[in-house]
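In what follows, a structure is listed as structure tokens, so that the remarks can point back to it.
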Amino acid sequence: FYLYFYIFCTLFLYLVKAFMDEEALVVGHQSGSGKNQNKLGALNLVTPDGRKFNCGTGFKDSDRAHPPKIGSVVTYRYSELMNNLYPRFPAFLRVRTDVDWDSYCKTYVPPSQKPAPVLKKQHTITEFASS
């Protein structure tokens, strides 16, 4: 049984995660700590619609030793948008040398929060308490 379960789980069960990506402008650097002391810790990023946040994961050691310059355009990925439209778990992907920030801002469409799912039936506490 264990061998069958082990083979089945390793061959057929995969976790699929959806990610979105977006471009942002580098406006600053934060220094690292621990292993990354005297190297890049996080990038300070700003999107065309003015959202400012930090991105501190997704970097290779070479990226941390030679971080993207301030004023460069980078691509980051994130798992979802929070309620305040900031990205949840942003991770650095790459520097975009082929993108001009001004032209990107002109064609930028800001992300929108997905609407909350509609329940099929509205439950209340009194329904459960009376039964």
T47 side, atom OG1; E23 side, atom CD - distance, nearest 0.5 Å: 11.5 Å
Closest approach of P87 to P90 (non-hydrogen atoms, all atoms of both residues): O-CD, 3.8 Å
Parallel, tilted or perpendicular: ring planes of F92 versus F59, cut at 30 and 60 degrees: parallel
In one Ile/Leu/Val/Met/Phe/Trp/Tyr side-chain cluster, 4.5 Å: V26, V95: yes
Shared hydrophobic cluster, Y104 / Y76 (ILVMFWY, side-chain heavy atoms < 4.5 Å): no
Verify same cluster id: L81, M20 (apolar side-chain graph, 4.5 Å): yes
Point-to-point distance, once rounded to the nearest 0.5 Å, from CZ of R94 to CG of D63: 11.5 Å
Whether R88 side chain and Y78 backbone form a donor-acceptor pair below 3.5 Å: no
Qualifying residue for side chain to side chain contact (heavy atoms under 4.5 Å, CB included) with V74, from V99, L45, L93, L25: L45
same_hphob_cluster(W101, V27) at 4.5 Å side-chain heavy-atom cutoff: yes
Non-hydrogen side-chain atoms of K52 and N44 separated by less than 4.5 Å: no
Salt bridge present between D100 and K106 (N-O < 4.0 angstrom): no
Shortest non-hydrogen contact from C105 toward P48: SG-CB, 3.8 Å
Cluster link V46 to L85, ILVMFWY, side chain under 4.5 Å: no
Rounded distance [0.5 Å steps], OG in S72 versus CZ in R96: 12.0 Å
Exam field: side chain R64 to backbone N36, donor-acceptor pair closer than 3.5 Å: no
Any donor-acceptor N/O pair, H29 side chain to K69 backbone, under 3.5 Å: no
